[in-house]
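The structure under discussion appears below in the form of structure tokens.
Scope of the values below: all heavy atoms of this structure, side chains included, with no hydrogens, waters or symmetry mates. Please read all numbers here as calculations on a predicted model, not as lab measurements. Proteins come first, then strands; the chains are lettered A, B, ... in the order of their sequence lines, and each starts at number 1.
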Amino acid sequence: MKIASVIVDVPAKQTDKAFDYLIPSQWEETIQPGMRVVVPFGPRHIQGFVIEVKRESEFKQLREIIEPMDLVPVLNQELLKLGTWLTDHTLCFKIFAFQVMLPAALKAKYEKKVKLAPGAAAVDLPMPLQPYFANSSTLNWEIALKNGLVPYLQRASAEGFLEVIYEVKEKVRKKLVHVIGPAIGVQDMKLELERLPGNADKQKQVLAYFIEHDSEIELRQLTEKIKASSSTVKALVEKKLLWEAEKEVYRDPYENRTFERTSPLPLTEAQTTAIKPILDSIEGNQHEVFLLYGVTGSGKTEIYLQSIQEVIEKGKEAIVLVPEIALTPQMVNRFKGRFGDQVAVLHSGLSAGEKYDEWRKIQRKQVKVAVGARSAIFAPFENIGIIIIDEEHETSYKQEEMPRYHAKDVAIERAKTYSCPVVLGSATPSLESFARAQKKVYHLLSLPTRMNNQPLPSVEIIDMREELRAGNRSMFSTKLFEMLKDRLEKNQQSVLFLNKRGHSSFVMCRDCGYVVSCPNCDISLTYHRAGVQMKCHYCGFESPVPKICPECSSEYIRYFGTGTQKVEDELGKILPEARVIRMDVDTTGRKGSHERLLKEFQDGKADILLGTQMIAKGLDFPNITLVGVLSADTMLHLPDFRSSEKTFQLLTQVSGRAGRHQLPGEVIIQTYTPEHYSIELAGTQNYDLFYQREMFVRKMHHYPPFYFLALITVSHEQLMTVMSATEKIARFLRSQVSNQAVVLGPSVSPIARINNRYRYQCLIKYKREPNLTKTLKTIIDQHQNEAKNGLLVSVDVNPFILM
DNA sequence: AGCACGCCGACT
DNA sequence: GTCGGCGTGCTC
């Protein structure tokens with residue numbers, strides 16, 4: 001008898017281990033590690049992952065696996081191993097580590113139902129239940145709960161008339177089509193054609209088709225071509241001349257689009273120098289991490305493409321990560337254009353079914369390249385030849401829920417297994433990566449100039465305090481206004497960038513400054529235009545927008561938006577002839593509207609593109625010659641040690657949108673703190689100097705890359721409980737770590753309260769702490785036991801946002 | 001997580 | 001004396 005070790009779909013400390021099950025003999029050959037199975041767990045049926053098949057178990061009373069959920073493992077050996085690695089490094093439950101590697105569609109859904117017991121009839125049941133079982137033998141538990149039927153159900157089940165069943169359901173069904181193919185050879189087919197009765201005209205046509213085309217075809221296409229009905233084809237299948245099968249098809253989200261095929265471009269001298277070590281690494285099957293540091297427009301993408309080309313020619317596969325790809329259709333186009341249908345694209349803009357289909361293409365080895373956002377790092381390839389992370393400094397590569405992994409770390413781990421290179425590309429590398437490159441841990445490759453040697457756009461920093469002193473109270477400096485007007489006359493395009501703190505809009509009273517905030521959480525409510533409602537992003541609380549201020553009864557309480565609305569209004573006043581496209585959460589809410597708006601801008605249907613963060617990346621339009629940043633310093637004052645770095649990166653990136661082609665570009669940065677080094681140096685686009693300045697600050701304050709961080713957040717409904725619990729944790733930590741490490745806190749979390757739970761945190765800064773993982777695990781374990789009294793403890797190793 | 005088992009207060 | 005409150009512990 002074979003036995004399977006199964007990780008069950010119950011995220012809890014006590015169940016975070018493998019459970020052994022007997023494999024029923026009919027599945028003995030089928031069930032393999034990496035498959036999902038349905039297993040009995042207590043009274044329920046739940047999903048689990050087989051991690052091992054063995055012959056013995058230390059448990060004697062084993063139950064049997066109910067059924068496999070896959071015919072082929074969904075996780076290969078490498079991914080199973082990677083799951084363990086993820087669990088150890090992010091301190092998450094094993095089940096989360098496996099689930100995160102699969103498309104959401106493969107996450108099980110559970111349904112609890114009651115069913116009439118064999119031999120029982122509706123009339124046997126208590127009266128109130130009878131109508132529910134008149135037409136159907138099952139009743140959904142949810143419905144029973146809503147209608148207060150549970151006591152009756154319990155009685156009926158005790159009497160043996162009903163039984164409770166648990167169903168495990170898949171979220172998506174595979175899309176299937178009928179396929180028809182020849183069951184015999186061409187010669188035999190010709191003979192059979194002769195033998196058909198004279199009146200079987202349609203059947204003859206079908207056979208004739210297969211004599212000409214000796215391959216399978218979709219039933220629908222065949223009947224359409226020959227104008228035959230499916231019964232004609234069926235008859236031939238009956239005669240065993242043709243075969244019929246159900247075949248899985250993929251919904252291709254890009255199927256209606258054509259991609260202009262491109263071929264490798266000749267490389268510049270700098271590109272040739274940069275790509276050489278990568279190609280060598282591919283050639284020699286060497287694991288190495290490259291930091292490709294190149295200014296915007298220096299041709300990093302072409303290096304990616306040609307490296308991938310090399311990998312494909314070696315018969316291997318490539319993973320390319322891009323930040324939130326739905327936002328960069330231009331990037332998709334470049335990969336699809338070069339590698340055509342060898343590319344699978346995984347991003348958040350796809351439906352669950354579409355994502356699943358793209359994932360299946362990878363799993364079935366029908367593609368060679370996976371392009372996608374963070375989670376694409378788990379693409380189920382088995383012969384990876386290169387992993388590329390574009391814009392490696394992007395914070396979206398860090399997942400902020402369990403498992404709290406960073407795609408870069410996963411990339412390096414997988415690349416080690418496959419002994420292949422990792423390429424991290426950026427114009428403004430994260431300090432961590434650049435520091436590693438300096439220490440020769442990563443191999444630094446530089447592309448210092450733009451292609452065709454276009455100059456970087458000239459940047460001018462405008463001190464808005466001066467503007468105010470000069471009597472200009474508008475949000476446009478005189479200079480920016482004049483330049484906008486100039487571009488309008490020249491028929492060139494401009495981009496206006498509004499750097500907003502956070503990305504949401506709020507409602508504020510203009511008289512007293514009161515901001516409508518959530519009663520459960522210490523953050524302001526977000527305005528949602530659609531429902532004229534205000535919503536809390538953390539707990540889901542909703543309330544209507546107040547007409548008068550609850551504090552001072554003023555009527556001047558209103559929506560502050562992302563500010564783009566206001567900018568648009570003001571633009572309309574000062575430049576009424578300008579055609580403006582506004583891009584923010586309000587205008588891009590609907591699927592595809594983002595791409596549509598960009599297309600309109602590209603087609604020259606507008607003069608000015610106005611937007612927030614989301615327009616900072618990936619725009620590459622030839623006619624943009626002016627970029628204006630309306631407020632550069634709004635995110636500089638966030639309580640985050642990376643705020644300077646983020647400001648510098650964002651400003652540099654936005655500036656890079658201008659003048660990427662023939663026309664030279666100009667950039668205007670408006671700020672209230674022009675003397676801050678991250679703004680000043682973004683102005684001169686001097687990354688190296690910024691790096692030095694920021695490294696000095698980080699060293700002073702014991703922050704990464706000089707120290708590692710771990711963040712512990714504790715929450716509870718009672719303020720006193722959180723404080724004392726966090727205090728206890730901090731004391732414990734201090735007793736466990738070496739004197740090289742610093743434990744900060746307990747301190748109030750930047751978001752002091754979420755969903756009526758007070759939040760305190762504790763930050764550990766350390767250099768080398770071999771036992772820290774163990775210590776953190778101990779803390780998690782101890783508080784899992786105390787979770788009963790409502791205390792929640794979460795640990796984030798290498799946090800990105802300290803909130 | 002769910003669910004069962006089990007031990008103490010307010011009711012037919 | 002019973003129904004049910006949710007504290008505790010188990011699920012291969």
Side-chain angles (χ1 to χ4, degrees), chain A residues 1-25 27-28 31-33 35-69 80 87 91-100 107-115 126 140-146 148-160 162-169 171 401-403 715-718 721 755 780-794:
Chain A
M1 218 29 163
K2 280 194 190 170
I3 290 158
S5 271
V6 176
I7 301 293
V8 292
D9 184 15
V10 182
K13 174 83 207 39
Q14 291 160 300
T15 52
D16 189 32
K17 55 179 176 169
F19 286 77
D20 289 346
Y21 289 89
L22 287 177
I23 301 177
S25 53
W27 307 119
E28 200 145 301
I31 290 179
Q32 293 162 42
M35 279 185 180
R36 297 171 306 146
V37 288
V38 179
V39 291
F41 198 67
R44 303 179 279 164
H45 290 180
I46 57 171
Q47 189 196 64
F49 288 90
V50 177
I51 53 162
E52 194 192 345
V53 174
K54 52 190 186 180
R55 299 221 85 97
E56 275 169 22
S57 171
E58 51 182 303
F59 292 87
K60 9 192 198 314
Q61 283 303 109
L62 296 185
R63 296 170 78 181
E64 286 196 341
I65 285 177
I66 292 168
E67 60 180 3
M69 294 178 74
L80 281 173
T87 311
L91 304 172
C92 70
F93 298 130
K94 293 178 178 63
I95 188 70
F96 282 146
F98 292 131
Q99 252 155 17
V100 77
K107 209 181 148 187
K109 232 174 56 182
Y110 298 102
E111 243 174 31
K112 186 180 175 179
K113 290 177 175 175
V114 277
K115 193 179 160 195
N140 214 310
W141 191 264
E142 296 278 301
I143 297 168
L145 213 58
K146 262 192 215 116
L149 303 172
V150 175
Y152 301 107
L153 293 177
Q154 280 171 334
R155 200 198 314 158
S157 105
E159 288 164 358
L162 286 178
E163 53 192 30
V164 182
I165 54 171
Y166 299 87
E167 273 180 10
V168 183
K169 289 197 160 181
K171 281 197 179 138
E401 310 145 21
M402 290 242 261
S715 73
H716 191 273
E717 286 176 14
Q718 233 79 54
T721 317
N755 215 351
I780 295 174
D781 287 0
Q782 269 170 13
H783 288 276
Q784 212 80 41
N785 297 332
E786 284 174 45
K788 309 154 196 154
N789 47 45
L791 204 66
L792 274 177
V793 178
S794 84

Exactly one of A:I46, A:I23, A:I31 clears side-chain contact (heavy atoms from CB on, under 4.5 Å) with A:V37, and that residue is A:I31
Polar pairs (N or O, both sides) under 3.5 Å between protein and nucleotides 3-7 of chain B?
from, atom 1, to, atom 2, distance (Å)
B:dC3, OP1, A:K112, NZ, 3.0
B:dC3, OP1, A:Y166, OH, 3.2

A:D20 atom CG is separated from C:dT11 atom C1', nearest whole Å, by 13 Å
With a 3.5 Å distance limit and no angle check, can you tell me whether A:Y110 reaches the backbone of A:Q47 through a side-chain donor-acceptor pair? yes
*Run the side chain to side chain contact (heavy atoms under 4.5 Å, CB included) check on A:V53 and A:Q32 step by step: do they pass?*
CA-CA 7 Å; A:V53 174; A:Q32 293 162 42; 5.5 Å; no
Whole-Å distance, A:D9 CG to B:dA1 C1', equals 9 Å
When rounded to whole Å, the NZ to P distance for the pair A:K107 and B:dA1 reads 13 Å
Per the under-4.0 Å heavy-atom filter, residues of residues 51-64 of chain A near DNA chain B come out as none
Here the distance between atom C1' of C:dC12 and atom NE2 of A:H45, to the nearest Å, is 14 Å
Whole-Å distance, A:F19 CZ to B:dA1 C1', equals 12 Å
Assign A:F41 to base, sugar-phosphate, or nothing according to its heavy-atom contacts below 4.0 angstrom with the strands shown.
base
Heavy-atom nearest pair, A:M1 first then A:L22, reads CG-CD2, 3.8 Å
Scanning both residues in full, the closest heavy-atom pair of A:L153 with A:A144 reads CD1-CB, 3.4 Å
note: A:I46, atom CD1; C:dC10, atom P; distance rounded to Å ~ 17 Å
Rounded to whole Å, CD1 of A:I95 lies from P of B:dG2 at a distance of 13 Å
In A:K113, A:R44, A:K109, the residue satisfying salt bridge (Lys or Arg N to Asp or Glu O under 4.0 Å) with A:E167 is A:K113
A:I23 CD1 to C:dC12 P, in whole Å, measures 16 Å
(Q) Please determine whether a side-chain nitrogen of the Lys or Arg among A:D20 and A:K54 lies less than 4.0 Å from a carboxylate oxygen of the Asp or Glu. (A) yes
Report, as yes or no, whether the 6.0 Å neighbourhood of atom CD on A:Q718 holds more than 12 heavy atoms from other residues, nucleotides or ligands.
no
Practice item. State whether A:F19 and A:K17 meet the cation-pi test: NZ (Lys) or CZ (Arg) under 6.0 Å from the six-membered ring centroid, and within 45° of the perpendicular axis. Key: yes
